[in-house]
Asks: 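A single structure is presented below for examination.
Letters go in sequence order (proteins before strands), and every chain restarts at 1. As the structure is a computational prediction, the values presented were derived from the model and not from experiment.
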Amino acid sequence: MQEKYTPSDIEKAAQEYWESTQAFKAQAAKDKPKYYCLSMFPYPSGKLHMGHVRNYTIGDVLSRFHKMRGYNVLQPMGWDAFGLPAENAAIKNKVPPAKWTYDNIDYMKGQLKSLGFAIDWSRELATCRPEYYMWNQWLFLRMLEKGIAERKTQVVNWDPVDQTVLANEQVIDGRGWRTGALVEKREIPGYYLKITDYADELLNDLDTLEGWPERVKLMQANWIGKSTGVRFAFKHDITDDSGQPIDDGKLWVFTTRADTIMGVTFCAVAAEHPLALHAAKRNPDLAAFIEKCKHGSVMEADMATMEKEGLPTGLFVTHPLTGEQVPVWVGNYVLMSYGDGAVMGVPGHDERDFAFAKKYGIEIKQVMARTRTAEDSDAAEYDLFDAAGDWKEWYGWKVNVQTVNSGKYDGLGYEAAVNAVATDLAAQGIGEKKVQWRLRDWGVSRQRYWGCPIPMVLCDDCGPVPVPDEQLPVVLPEDCVPDGSGNPLLKREDFLNTPCPKCGKPAKRETDTMDTFVDSSWYYARYATGAGANTMVDAETDYWMTVDQYIGGIEHAILHLLYSRFWTKVMRDLGLVKYREPFAHLLTQGMVLNHAFSHKPEGGGKDYYWESEIDVQRDAKGQITGAKLKSDGTVLDHELTTMSKSKNNGVDPQALIEQYGADTARFFMMFAAPPEQTLEWADSGVEGAHRFLKRVWAFGHALAGQSAAAMPASLADDLAAARREIHVTLKQASYDLSKQQFNTVASACMKMLNALEKVQKDAADGWLAVAQEGFSILLRVLSPIAPHISHALWRELGYGGDILNAPWPEPLEAALKQDTVELMLQVNGKLRGSIKVAADAGKDAIEAIALADEMAIKFMEGKPAKKVVVVPGRLVNIVA
RNA sequence: GCCCGGGUGGUGAAAUUGGUAGACACAAGGGACUUAAAAUCCCUCGGCGCAAGCUGUACGGGUUCGAUUCCCGUCCCGGGCACCA
């Protein structure tokens, strides 16, 4: 056995051994419980970064741990290979996205292999391969048949100079990233998947996901956003140019606050609303305002933070309960795509309406008063409603308030008022209670090249026609090079021209491709499908699914996970799978953050710089206070954010692996922080992890070549203590693993080695027995985290077989046993010392010992003990 | 702006989920070995104090015999907000 720890040799040998024995090839087996462990597949951006290392090491630790626990483990890997960065790279380097993507996959696969993950590579897939994405197309056609997919209009960011649709990411401060042109909102046709049809089930089934973090379920529930309210109409007799009443003379709105309906002093409609468009015909100012509303962002965050602006239309509608005339405004914050594109304005009891009314001098009516409760009976000053003053929190409350100035509805609480109002509106036939969802349908059309083609043909005569199944897949040509000025497929005649499947006349293919979230919505099921399947999924899927443990970044808490859940339910309804949820347990890994430095140049866009290109200024505590570009001194913006290719702040693990080895990289990553916690990247501490592995190797080397020693019936004190320390630590480590808290499992390994090293080699008989037993425990606990060194030492020391299949160690009661325990001694909650008592001492005996203690007597200052709290095994607190 | 997290020594973190705050490490300082360096090993290490002790888990309150942990409020940082993935 080599004396020196040389990771490069050890790791290469272990990986070759695993490869030659096909150690990680997963096959259905009846004699063992299955464990499908899945990490979110990476986007092939070029190189791995530390976030990947963290994600995949977590998955690997869980996989290897479960294998040792006797499970039949599947851990697959693949590539989320379609997406925008490949097109950006093409624009920059004039390389086809396909080539760039495949090259990146090659490189990153090599990196993953060098990290020694227990992956079944035979199941590898890439979503940009026709054999994968043809099933996107196939399922899309099924959805179309069932009415789950439909064609509607969608609002997109339009760059008027490049004549192209921009992703939100490509819009910086309202301007196109390449052209700097003001971006416009534009309506174009696109396909939607009716996820809202599944809203109820997606919400209710969250309760069945016991293995999901509460915070993720909460985020999803909030996103789905079920709210009960009232949809009702304001009647009017506004007619269009042909004399027809617009929208049948009804302005529909939805509200969750029908209890405040008597406080309505205006209505606001979206810029695209028929009433707005009608009024604009005779009002140039309004027409200009509507035109202005077309610019700007489609993002919710921008909508919420932008200055709320409006203009009166000069039109009035009739309040359904008071008969009063209510002015109609156009508001830039009202979206045509939400509900009916119109809202009622109650400035007295809605904060946004309050600000709007004050800005434009609209009347503010109080229709709610605070109800006095026991807790705030003395808060008289808060009860005063002041329309001229500032907004007060309670104006918007639903509880501890009741209706006032509301005529027949006076004196009611929230629910009673809503019910009374809804009943009266229903009696008039212009309103009803309605469940409203925040969740919107999933728009899947992307005006981009590098994605899965939507299998439709546009015929002048027949309109949009689905591509027949037997013509699938619609293959994306892989040699296009996007240049930023629209979808290159529009110039590909060979792709574009095709006969209409219905009438046979010349027609054009749809050039829109699918949202890449489609690709990632079912890849987990495809991994589990047998090789060579000529269906989307097969019987083997039923064996492996559902995924027992899914691991991925918290940034996917809503969209990816919700779309995957939806897709699963659609597949179930089509009879393709039997399960209703894809992921039983979810571990949301915290992001690995790094500093990012950027600058917004004159012509628009946003440039990111590598840390090596800049000078960083720090304060005395090392906090970054500023940064300048080395080349020309440009002052840069600074943020702490997730590692990504586009921000030039990814840290490549390659240097780490080459210098210290994969085991050190893995061990350090696990040791650094618990998996769910956000982690600011710093490599200080890598040395320590490496030092530890060197000590493990050295200890193993010292034990090599010795035959197995029997454990003596009794051990010297220091050996018994060391052995106990090992078993106590093992117990803790197993518990921590069940909690998925790997940083303390890593530190447990360190504690075990510390305990073993502490006892002198020749201290007493039994040393060898304790060392051999302890080291075999240490290696097994260490092996999921640092598998290569554990594999090598396990074989060198002849513990028998392959550590991959060694049973997980169990702590021995005999080793854990102790005769006396130390209890902390508190007086009035302050630590004053400690007492030693027999391990089996009763409460009375412990009390007696505590009260007789010198420190207890001193700090009780002669006062009698009012109460003595005894926490078994932990402490005694004397209250004097 | 809205939804969800987080904040503990110089640094990463731990605390059996209400019971010894800082385990395990990193960095730093001191020492041993060495001609020297590297490597390795030993010691010190929240703050104040000679000590007894006091104080300390972002900040301000509260509940409790006892709060990093539970409740209320504030500040800061991160994630998501539907075309980045």
Asks: A:Gln220 CD to B:rC4 P: how many Å, rounded?
Replies: 14 Å
Asks: Verify, without hydrogens or angle tests, whether A:Glu3 (side chain) and A:His701 (backbone) share a donor-acceptor contact under 3.5 angstrom.
Replies: no
Asks: Ignoring hydrogens and geometry beyond distance, is the side chain of A:Asn222 in donor-acceptor contact with the base of B:rC3 at under 3.5 Å?
Replies: no
Asks: Across the strands shown, which category fits A:Gln826 at heavy-atom distances under 4.0 angstrom: base, sugar-phosphate, nothing?
Replies: base
Asks: If the C1' atom of B:rA32 is compared with that of B:rG19, how far apart are they to the nearest Å?
Replies: 42 Å
Asks: 5'-most contact on RNA chain B: A:Gly688 or A:Asp736, nearest heavy atom basis?
Replies: A:Asp736
Asks: Does A:Asp519 have any salt bridge (Lys or Arg N to Asp or Glu O under 4.0 Å) partners at least two apart in sequence or in another chain, and if so, which?
Replies: none
Asks: Identify, with sequence neighbours excluded, every residue that meets salt bridge (Lys or Arg N to Asp or Glu O under 4.0 Å) alongside A:Arg186.
Replies: none
Asks: What is the distance from CD1 of A:Ile835 to P of B:rU20, rounded to the nearest Å?
Replies: 15 Å
Asks: A:Val165 near the nucleic acid: base, sugar-phosphate alone, or nothing, with a heavy-atom cut-off under 4.0 Å?
Replies: base
Asks: Do you know which two heavy atoms are closest between A:Val216 and A:Ala557, and how far apart they sit?
Replies: CG1-O, 3.7 Å
Asks: Of all residues at least two apart in sequence or in a different chain, which pass the salt bridge (Lys or Arg N to Asp or Glu O under 4.0 Å) check with A:Asp512?
Replies: none
Asks: If you measure from the C1' atom in B:rC48 to the same atom in B:rG56, how many Å do you get, rounded?
Replies: 11 Å
Asks: Please report the distance separating the P of B:rG12 from the corresponding atom of B:rA27, rounded so that it comes out in whole Å.
Replies: 15 Å
Asks: Between B:rA58 and B:rU68, how far apart are the P atoms? Round to whole Å, please.
Replies: 9 Å
Asks: Roughly how many Å is it from CE in A:Met40 to C1' in B:rC84, rounded to a whole number?
Replies: 15 Å
Asks: Is A:Pro674 touching bases, backbone alone, or none of the nucleic acid, heavy atoms closer than 4.0 Å?
Replies: sugar-phosphate
Asks: Between B:rA14 and B:rG9, how many Å separate the two P atoms, rounded to a whole number?
Replies: 13 Å
Asks: Does A:Gln741 have a side-chain nitrogen or oxygen under 4.0 Å from the phosphate oxygens OP1 or OP2 of B:rA23?
Replies: no
Asks: For nucleotides 75-82 of chain B, read 5' to 3', which letter fits each nucleotide if B means a protein heavy atom sits under 4.0 Å from the base, S means only the sugar-phosphate is that close, and - means neither?
Replies: ---SSSBB
Asks: I'd like to check the side-chain hydrogen bond (donor to acceptor under 3.5 Å, both in side chains) partners of A:Arg175; sequence neighbours left out, ordered by chain and number.
Replies: none
Asks: Using whole Å, what does the distance between atom P of nucleotide B:rG19 and atom CD1 of A:Ile846 come to?
Replies: 17 Å
Asks: Is any side-chain N or O of A:Gln677 closer than 4.0 Å to OP1 or OP2 of B:rG6?
Replies: no
Asks: Would you indicate, yes or no, if B:rA25 has its OP1 or OP2 atom less than 4.0 angstrom from a side-chain nitrogen or oxygen of A:Asn754?
Replies: yes
Asks: For A:Leu875, report the nucleic acid contact type (base, sugar-phosphate, nothing); a contact means any heavy atom under 4.0 Å.
Replies: base
Asks: What's A:Thr305 touching, base or sugar-phosphate or nothing? Going by heavy atoms closer than 4.0 Å.
Replies: base
Asks: If only side-chain N and O atoms of A:Arg691 are considered, is one of them under 4.0 Å from the OP1 or OP2 phosphate oxygen of B:rC26?
Replies: yes
Asks: With a non-hydrogen cut-off below 4.0 angstrom, is A:Phe692 in contact with a base, only sugar-phosphate, or nothing?
Replies: nothing
Asks: Grab the NZ-P distance between A:Lys217 and B:rG5 for me, whole Å please.
Replies: 13 Å
Asks: Would you indicate which nucleotide in B:rC24, B:rG19, B:rC84 comes nearest to any side-chain atom of A:Leu84?
Replies: B:rC84
Asks: So, using side-chain contact (heavy atoms from CB on, under 4.5 Å) as the criterion, who are the partners of A:Lys217 when residues are at least two apart?
Replies: A:Leu206, A:Leu209, A:Trp212, A:Glu214
Asks: If you look only at distance, which donor and acceptor atoms sit under 3.5 Å apart when one is on a side chain in residues 675-685 of chain A and the other is two or more places apart or in another chain?
Replies:
unit_1   : atom_1 : unit_2   : atom_2 : d
A:Glu676 : OE1    : A:Thr588 : N      : 3.4
A:Glu676 : OE1    : A:Thr588 : OG1    : 2.9
A:Glu680 : OE2    : A:His595 : NE2    : 3.3

Asks: Tell me, please, which residues at least two apart from A:Thr153 pass side-chain hydrogen bond (donor to acceptor under 3.5 Å, both in side chains).
Replies: A:Glu187
Asks: Only Watson-Crick and G-U wobble pairs, only distances under 3.5 Å, only runs of 3 or more: what stems does that leave for RNA chain B?
Replies: B:1-7 with B:75-81, B:10-12 with B:24-26, B:28-32 with B:40-44, B:46-48 with B:53-55, B:58-62 with B:70-74
Asks: Can you check the distance between B:rU11 and B:rG18, where both ends of the measurement are the C1' atom (answer in whole Å)?
Replies: 29 Å
Asks: I'd like a table of donor-acceptor pairs (distance under 3.5 Å, sequence neighbours excluded) in which one partner is a side-chain atom from residues 822-835 of chain A, with atom names and distances.
Replies:
unit_1   : atom_1 : unit_2   : atom_2 : d
A:Glu822 : OE2    : A:Ser834 : OG     : 2.9
A:Asn828 : OD1    : A:Ala880 : N      : 2.9

Asks: Return yes if some donor-acceptor pair links the side-chain N/O of A:Ser734 with the main-chain N/O of A:Lys731 below 3.5 Å, else return no.
Replies: no
Asks: Write down the distance between CG (A:Asn877) and C1' (B:rU20), rounded to a whole number of angstrom.
Replies: 12 Å
Asks: Taking atom P of B:rA27 as reference, at what distance in whole Å does atom NE2 of A:His690 sit?
Replies: 13 Å
Asks: Looking only at atom C1', what distance separates B:rG22 and B:rG47, rounded to whole Å?
Replies: 13 Å
Asks: Reading nucleotides 51-63 of chain B from the 5' end, what letters show protein touch, with B for base, S for backbone sugar-phosphate only, - for no heavy atom under 4.0 Å?
Replies: -SSSS--------
Asks: With rounding to the closest Å, how many angstrom separate the P atoms on B:rC42 and B:rC33?
Replies: 15 Å
Asks: Over how many whole Å does the gap from A:Trp212 atom CH2 to B:rC4 atom C1' extend?
Replies: 15 Å
Asks: Is the shortest side-chain N/O distance from A:Ser747 to OP1 or OP2 of B:rA23 below 4.0 Å?
Replies: no
Asks: Give A:Val868 one of three labels, base, sugar-phosphate or nothing, depending on what nucleic acid heavy atoms sit under 4.0 Å from its own.
Replies: nothing
Asks: Does NZ or CZ of A:Lys694 lie under 6.0 Å from the centre of the six-membered ring of A:Tyr5, at an angle within 45° of the ring axis?
Replies: no
Asks: Has A:Lys694 got a side-chain N or O lying under 4.0 Å from the OP1 or OP2 atom of B:rA39?
Replies: no
Asks: Under the salt bridge (Lys or Arg N to Asp or Glu O under 4.0 Å) rule, collect the residues that match up with A:Glu309, sequence neighbours excluded.
Replies: A:Lys292
Asks: If you take the centroid of each ring, where Trp contributes its six-membered ring, are A:Phe82 and A:Tyr43 closer together than 6.0 Å?
Replies: no
